[in-house]
Each structure stands twice: as C-alpha cells, then as structure tokens.
Amino acid sequence: MDPIAEAYREFPAWVFWLRYLFHVPAAFSVSFSAAFMGAWVALVPMYTSRNAHWTERARLLWPVRLVTAANLMFVPVVAVAGRLAFGGAVRGTSSGLDPLLFLWPLSAFAGVSAARFVVLRSFVALPRREPGALPDALSMAIILYPHVCTTLLFGLAMPNRFDWEAGIVFVAALSAVVFFMMGGNLLLARALSIAIPAGERLTEIARGMSARTGVRLNSICELRISQVNAVAFPSNRCIAFTGGLLPMLTDEEIAAVAGHELAHLAESRKVLAFRRLLMAFLPLVALNPVTHRFGFGGAAGLGAGVFLFLMFGRRVAARLETSADVGAKKWEPQPAAYAKALEKLHRAALLPAVMPARVDIHRNLYDRMVSAGVQPAFPRPSPPSKATFRFAFLGTLAAFFTCMLVLKLLFNVAGHLAARAENPVGLMAVMTLDGGGERRLQTLSRIREAKNDLRGALVFAKAAVEAGAHDHRNRTHVASLLAAVGRCDEAAISLEEARKLGWQHASDEPEEVSIDAGPDAVNMEAQDARKAAAAAARTYVDALPEIRKATEAVAKCKGSASPR
C-alpha cells in the first residue's frame with residue numbers, strides 16, 4: 001500500500017470533516033474579500049461623481065465592472081493553485097482525487113459573485129431577483145459561459161497522464177461541449193426555470209417582427225436575471241429578453257431590439273457553425289496531462305493556440321454585430337427606435353458610451369447612435385481608463401495572496417504549538433487543513449515511538465520519507481523501526497539507502513570511483529583525491545551515531561532471527 005494512504009488510515013475519520021468545514025467557507029471568504037478590495041480600489045473615483053452625467057459615471061464604473069467580471073474567471077483558477085499549495089502529503093481521501101479541488105473553485109466563484117453583486121448594486125439599479133430564481137452568476141454561467149464551466153470542471157478531473165482515465169474524461173467533456181453547442185444551455189436554463197416562456201406583450205411583438213422580416217422564430221423567452229439585455233440562441237432559433245429590459249422600453253423599441261436578435265438568427269449555416277466552434281475551449285481540458293508530459297512549453301503552446309483562435313473569433317463576431325445593427329436599423333418599425341433603445345439600455349446598466357479599443361465586440365454606443373441617424377444629446381465622452389482596471393486587478397491579486405499567506409502562517413503556528421505539546425490529534429487536525437508535510441509526519445512518528453507504538457511510528461516514518469523527507473536521518477529512523485518490529489531484510493535495505501544518502505550529502509562522489517588508466521599523472525592524482533574524498537565521506541557517515549545505532553539494531557534483528 002502507498003505509505004501516504006497507509007498513514008491516512010491512522011487519522012480519526014472525524015478529523016477530515018474539518019477540511020470541508022474550514023476550507024469551503026475560507027475559499028468563499030478569501031475570494032469575497034480579495035474581489036471586494038480590488039473593486040474598492042477602482043471605486044474611489046465613483047464616490048465623487050454621483051451627480052455627474054450618466055456617461056461619466058458609466059465611464060468611471062467600467063473598471064469596477066471589468067475587474068469584477070475578470071475575477072469571476074481569475075480568482076477560482078488562483079484558488080485552485082492555492083488549494084494545491086495546501087495540498088501536501090495528506091489529502092481527504094486515500095485516492096489521488098481531492099474533492100476540495102472542486103469545492104475550492106466553486107466556493108471562490110460564489111465569493112467573487114457575491115462581491116460583484118454587493119459592489120454593483122450600490123451604483124446600478126439592478127432589478128430584484130424573483131423568488132425561486134437562481135443567483136445571477138450561476139444563471140449567467142449556464143446561459144452564456146457553459147463551455148468555460150465545462151472546461152474548468154473536466155480539466156480539474158483530468159489525471160496527470162494520457163491513459164484510459166484521461167480518455168474517459170475527455171470523451172465526457174466532448175459530449176458536454178457538443179450538448180451546449182447544439183443549444184443545450186437553453187434547454188438547461190428552461191429546466192432550471194432561468195428561461196421562462198415570454199409574456200403576451202413580448203410574444204406578440206417578437207412574432208410580428210418575425211413575420212415582417214421573414215426570419216423563422218421557434219420560441220421567445222424571458223430570462224430571470226438582473227441584467228438588462230437581449231440574447232439570441234441561433235441553435236434553438238430563440239430570442240430572449242431579460243426581465244429588467246422590458247419595462248423600460250416602448251413597444252417600438254422592443255421590436256427594434258428584436259430585429260437585431262433576429263438578424264443573428266438569419267446568419268448563414270457557416271456563420272452558425274463558426275459560432276459553435278467559438279465554444280470549443282475543449283483543448284484546455286488536457287492542460288494537466290500536457291503540462292506533466294511536455295512541461296511549461298507544452299502548456300504555453302496549448303494556451304496560445306486557443307487564445308489566437310479566440311482573438312480571430314472576436315474579430316468575426318464584431319463584424320456580425322455590425323451586420324445585426326444594420327438589420328435592426330432596416331427593420332425598426334419607427335425611426336430612431338433602435339438607437340433610443342440602446343441608449344436606455346446603456347443608461348440603465350451604466351455601460352460606457354465609448355469603450356477602449358479592442359475591448360467589446362459591439363461598437364460604441366455613440367457610434368451606433370450616429371449610424372442609426374440619431375445625434376446623441378451628450379458630447380462624445382472619453383473611454384474608460386485601462387490603468388484603473390490594471391491597478392484594481394493587481395489589488396485583487398495582492399489581497400488574495402495576502403489572505404493565503406495569513407492562512408499559511410496560522411497553520412504553521414498551530415502546527416508548531418501542537419508539536420510542542422506532543423498532541424497527535426491536534427497535529428493531525430492541522431495537517432488535514434494545510435496538507436501536512438514531512439516534518440509533521442516525522443513528529444507524529446516520534447510521538448508514537450515515545451508511546452512504544454512501533455507499528456504506528458513506522459507508518460508515519462515511511463510516509464514522511466514518501467512525502468519528501470529524503471535526508472539520511474529519516475531513512476535511518478525507518479531502518480531502526482523496521483528492525484525493532486522484526487522486518488530485518490527491509491531494515492537492511494533501508495539502512496543501505498540511508499548510507500548512500502549520507503554519502504551523497506558528505507561527498508560529491510557518492511558512487512564508486514572508476515579509475516581510467518592513463519599516462520597523465522595529474523589526472524591520476526585527481527582521481528586518487530576523489531577516491532580518497534569518497535572513502536572519507538563513507539567513513540564519516542558510517543561513524544554517525546544514528547547510523548551506528550541503526551546498524552546495531554539491524555544486526556541484532558538478524559541475529560535474533562537466525563536459526564540456532
């Protein structure tokens with residue numbers, strides 16, 4: 001049996017529940033705090049602009065909105081890295097799969113979502129969530145980003161090597177991606193009541209626009225999320241409006257927005273196939289085995305390939321959005337209805353009228369209104385500051401790692417106190433929280449040995465060696481314990497390994513020195529010096545008290561085991 005798994009069996013079962021009782025709320029709290037602190041850095045200019053024009057407030061709010069959106073993706077990934085930092089020798093199960101690798105990113109995502117909601121609701125009048133509706137972040141993940149969630153979840157389940165288990169995970173991920181590509185996200189949204197049948201007003205307007213444009217429309221939905229937006233689902237031939245958008249628009253403006261979404265449904269099959277390919281984050285599922293097989297270069301190459309494809313896809317999507325704007329302008333039932341609807345949407349959501357270059361696939365509101373034949377009632381504003389976003393993002397990063405370092409420090413202090421008190425249960429509890437480590441396993445071994453529990457001491461000593469304690473003293477300790485329990489042959493092997501490790505530490509030439517015959521006297525002198533150094537190192541190691549004690553224990557074990 002694996003030494004780590006054998007040591008795991010020595011832990012009380014209730015101790016491992018501490019991992020979930022602590023780490024799940026800790027991941028939520030750390031992620032919430034880091035995301036909130038990063039957003040607060042970007043919010044400072046907002047407090048002095050509450051009475052400014054909505055375009056100025058939207059410009060200042062954009063870095064906050066962007067950093068909180070980026071954190072939805074970034075913080076869960078960093079949380080997984082943080083979990084791995086605490087993932088030492090001891091895990092929650094005897095197998096290689098650690099459930100916390102799934103619970104940490106999910107808890108972190110929930111924490112960032114809560115921080116995003118708390119921050120934005122202070123400045124944007126978000127509609128209240130209806131009773132029974134799912135949280136916005138979860139709803140948005142299902143509707144717009146199911147491919148990203150699929151990549152994250154199946155990527156975490158992917159093993160380190162390309163084997164049959166990796167094949168099963170990849171096939172499962174491929175099946176999920178194909179399901180979402182074919183419109184499964186809308187089916188799932190309907191099953192969870194995120195998408196509900198549209199009311200009579202929206203249905204009548206959308207059906208009228210479908211008849212007017214000649215674009216086939218299978219269904220119309222309302223989305224139970226707090227955003228103000230409209231979405232097209234080309235695979236399902238469905239358009240959907242959020243509940244917050246409908247009350248602020250007139251019938252003509254709803255019809256104009258429906259025309260924009262119908263233009264997406266009128267796209268060719270080639271365009272529809274390309275949109276489906278944009279969901280193909282599937283190669284990133286294999287990031288774990290690629291990294292272990294090809295190193296950082298392989299992982300960087302895989303990520304760069306996906307990134308370049310997505311950048312190309314953004315350019316195509318931007319052209320498609322421009323074409324859809326042309327269709328909305330052509331089909332609008334009343335002049336300037338589409339431009340007025342866009343302005344209301346941006347004003348309600350506090351979206352900037354002018355965006356930084358290469359940020360959004362949609363054109364700027366100001367340019368879209370001018371193209372629709374409407375001169376905005378406000379001067380062209382400046383784009384939001386990217387520097388504020390970068391500063392806030394770095395603030396999030398600093399806050400997250402500061403919290404992680406504080407947790408690590410607390411674990412180290414608690415482990416030190418438990419070790420000084422020789423409290424094995426307390427030490428085991430700390431080890432389950434921070435992943436353990438060879439030093440704490442060694443301490444547990446010494447505590448068991450002091451209580452004359454040689455079998456338990458041996459279990460933890462072998463686990464310490466397996467966890468990375470490759471010093472010759474640790475293997476010598478294992479040899480002494482093996483001899484004490486009568487396992488003489490294993491003790492002799494462990495003692496020989498300890499001697500070799502000691503020679504490696506004491507000399508640059510741990511192995512036997514082979515002398516190549518040759519006429520060069522200087523070379524012969526150097527070889528003699530190396531041989532002498534190796535012999536001196538062996539003599540020094542063999543004379544160490546722990547080596548001599550283990551040697552005597554092995555000899556005594558073999559003597560008592562030999563026939564008389």
Side-chain angles (χ1 to χ4, degrees), residues 18-47 60-88 98-124 126 135-141 145 148-149 151-153 155-156 226 287 303 359 384-414 433-435:
L18 293 177
R19 307 173 76 246
Y20 305 102
L21 294 176
F22 176 84
H23 279 296
V24 171
F28 178 92
S29 302
V30 169
S31 302
F32 178 89
S33 302
F36 186 83
M37 288 296 295
W40 181 83
V41 171
L43 275 175
V44 173
M46 283 292 298
Y47 292 109
L60 296 175
L61 185 63
W62 178 83
V64 183
R65 189 189 303 274
L66 186 60
V67 74
T68 53
N71 287 337
L72 287 173
M73 298 291 296
F74 169 77
V75 172
V77 174
V78 176
V80 173
R83 173 63 206 126
L84 292 175
F86 292 130
D98 187 359
L100 281 180
L101 285 179
F102 297 91
L103 295 178
W104 261 71
L106 292 177
S107 301
F109 185 83
V112 176
S113 301
R116 176 181 172 85
F117 177 78
V118 169
V119 169
L120 292 183
R121 75 173 180 180
S122 302
F123 300 94
V124 183
L126 300 175
D136 267 8
L138 180 58
S139 300
M140 293 296 293
Y145 309 112
V148 177
C149 299
T151 301
L152 177 62
L153 293 177
L156 290 174
S226 61
L287 186 61
V359 168
S385 169
K386 288 185 177 181
T388 304
F389 160 70
R390 296 189 185 104
F391 189 65
F393 191 75
L394 291 176
T396 301
L397 183 65
F400 187 90
F401 281 105
T402 298
C403 293
M404 296 292 290
L405 289 175
V406 169
L407 284 178
K408 192 68 174 177
L409 178 62
L410 292 176
F411 290 145
N412 289 337
V413 171
L433 294 180
D434 71 349

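The figures that follow rest on heavy atoms only: side chains count, while hydrogens, waters and symmetry mates do not.
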Q) Which value, rounded to the nearest 0.5 Å, describes the distance between M37 atom CE and L397 atom CG? A) 13.5 Å
Q.
Looking at every heavy atom in both A392 and G38, which two are closest together, and how far apart are they?
A. CB-O, 3.2 Å
Q) Which heavy atom in V67 sits nearest to a heavy atom in A39, and how many Å separate them? A) CG1-CA, 4.2 Å
Q. Rounded to the nearest 0.5 Å, how far apart are CZ of R390 and OG of S385?
A. 8.0 Å
Q.
Can you confirm if the aromatic rings of F109 and F28 lie within a centre distance of less than 6.0 Å?
A. no
Q.
Rounded at 0.5 Å granularity, tell me how far OG1 in T402 sits from CG in L407.
A. 11.0 Å
Q) Roughly how far, to the nearest 0.5 Å, is the CH2 atom of W40 from the OG1 atom of T396? A) 12.5 Å
Q. Would you call the rings of F389 and F393 parallel, tilted or perpendicular, where under 30° means parallel and over 60° means perpendicular?
A. tilted
Q) Any donor-acceptor pair under 3.5 Å linking the side chain of R116 with the backbone of R65? A) yes
Q) When rounded to the nearest 0.5 angstrom, what distance separates CG in L66 from OG1 in T388? A) 11.0 Å
Q: Begin from the C-alpha positions of F32 and V112 and carry the test side chain to side chain contact (heavy atoms under 4.5 Å, CB included) through to its verdict.
A: CA-CA 5 Å; F32 178 89; V112 176; over 6 Å; no
Q: For atom CZ of F36, decide whether the heavy atoms of other residues, nucleotides or ligands shown that lie under 6.0 angstrom number more than 12.
A: no
